[in-house]
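Reviewing the structure listed below.
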Amino acid sequence: MEKFILSGLTLFVVLFTTELGIASAVWQRAHATFYGGSDASGTMGGACGYGNLYTDGYDTKTAALSTVLFNDGKSCGGCYRIVCDANQVPQWCLHSCYCHSFLARPPNYALPNDNGGWCNPPRPHFDMSQPASETIAKYKAGIVIVGCKRSGGIRFTINGRDCFELVLISNVGGAGVISRVWIKGSKMSNWESMTRNWGANWQSSKYLNGQSLSFRVQLRNGRTRTANNVAPSN
């Protein structure tokens, strides 16, 4: 697996949506590498459960996160803007990249944090797809959580039956990080809270057979979106 090190990055953490604008900003240090080949074919799958990143709406603008940033799957789908720090190395700066998180990189405690153990806690580290990394720079860059525009709407992939519904939620715009999810059958009067199963998969133990299903999704910034009757009763 080819790795390319982008050293001395600056992490600009701003929770942001296209409707609300900037909410907060704190600069931190970070690093990045890339992997997966020039077509990003080696980056499919991951700990969020998205599978094929092309069909799930994320294309090649993706990055795997270190343990600290991944946060036990709570950062799945999070949107980061990675830009070059022209004040440090203007000769290497290109354009910015909007990247979504989709995978956790395990730590390697056999290697030091600054020499191979890039994803070891407490290091904030991004392992980007090669096409994404080649849009920014070779060494210095800055990362910012921002609002990403998505096309096609939120996608719900539903599995399970009877008293177990497992729903993969993808292609989420705005900040991209989901904090809460609710489900409601067409015969229900109230919304039922769902729990995170793993990654971007959420589950419900409510018996919902024979009902069309609606979902309500809340992002980390508090914005809520409702998708009515996205799954038919049969």
Side-chain angles (χ1 to χ4, degrees), residues 1-12 30-71 73-85 89 92-108 116-120 123-157 168-178 198-201:
M1 180 182 294
E2 184 180 16
K3 292 286 185 181
F4 182 83
I5 300 171
L6 305 174
S7 61
L9 282 75
T10 304
L11 179 61
F12 188 30
H31 294 77
T33 49
F34 76 63
Y35 77 112
S38 59
D39 61 353
S41 59
T43 65
M44 299 297 115
C48 289
Y50 294 131
N52 189 316
L53 298 172
Y54 295 106
T55 59
D56 281 333
Y58 296 113
D59 197 40
T60 62
K61 299 300 189 295
T62 55
L65 305 183
S66 63
T67 303
V68 170
L69 293 175
F70 190 66
N71 195 21
K74 296 181 178 65
S75 295
C76 283
C79 181
Y80 298 82
R81 183 185 180 190
I82 303 175
V83 297
C84 182
D85 185 355
V89 283
W92 299 116
C93 289
L94 299 174
H95 302 288
S96 63
C97 171
Y98 289 83
C99 293
H100 281 271
S101 56
F102 74 101
L103 174 64
R105 278 278 177 250
N108 184 354
W118 306 113
C119 294
N120 295 350
R123 177 185 289 274
H125 185 86
F126 294 82
D127 201 6
M128 303 169 64
S129 71
Q130 184 175 337
S133 71
E134 289 179 341
T135 64
I136 55 168
K138 293 185 177 181
Y139 291 97
K140 306 278 186 177
I143 299 89
V144 59
I145 299 180
V146 298
C148 278
K149 295 180 179 179
R150 311 301 309 164
S151 60
I154 301 175
R155 300 177 184 178
F156 301 89
T157 304
L168 171 67
I169 305 174
S170 60
N171 204 45
V172 181
V177 179
I178 299 172
W198 65 278
N201 289 276

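For clarity, every value in this text was computed on a predicted model and none was experimentally measured.
Residues satisfying the side-chain contact (heavy atoms from CB on, under 4.5 Å) test with S38, not counting sequence neighbours, are Q130. A search for side-chain hydrogen bond (donor to acceptor under 3.5 Å, both in side chains) contacts involving N71 returns nothing, not counting sequence neighbours. Applying the side-chain contact (heavy atoms from CB on, under 4.5 Å) test to D59 and every residue at least two apart in sequence or in another chain returns Y54. Looking at residues two or more places apart in sequence or on another chain, you find no side-chain hydrogen bond (donor to acceptor under 3.5 Å, both in side chains) involving N201. T157 pairs by the side-chain hydrogen bond (donor to acceptor under 3.5 Å, both in side chains) definition with nothing, not counting sequence neighbours.
Checking side-chain atoms of T43 against main-chain N and O of G36 turns up no donor-acceptor pair under 3.5 Å.
Nearest heavy atom pair, residue I154 against residue V172, reads CG2-CG2, 4.2 Å. Residues A47 and F70 approach most closely at CB-CZ, 3.8 Å, considering heavy atoms. Among all heavy-atom pairs drawn from W198 and C48, the shortest one is CZ3-C, 3.8 Å.
Counting only heavy atoms from C-beta outward, the side chains of C79 and Y58 never approach each other to under 4.5 Å. Residues S66 and F126 are not in side-chain contact: their nearest non-hydrogen atoms beyond the backbone lie 4.5 Å or more apart.
Between the CE atom in M44 and the CG atom in L53 there is a gap of 4.5 Å [rounded to 0.5 Å]. Between the CD1 atom of I178 and the OG atom of S75 there is a distance of 11.5 Å, given to the nearest 0.5 Å. Rounding to the nearest 0.5 Å places SG of C76 at 9.5 Å from CG of L168.
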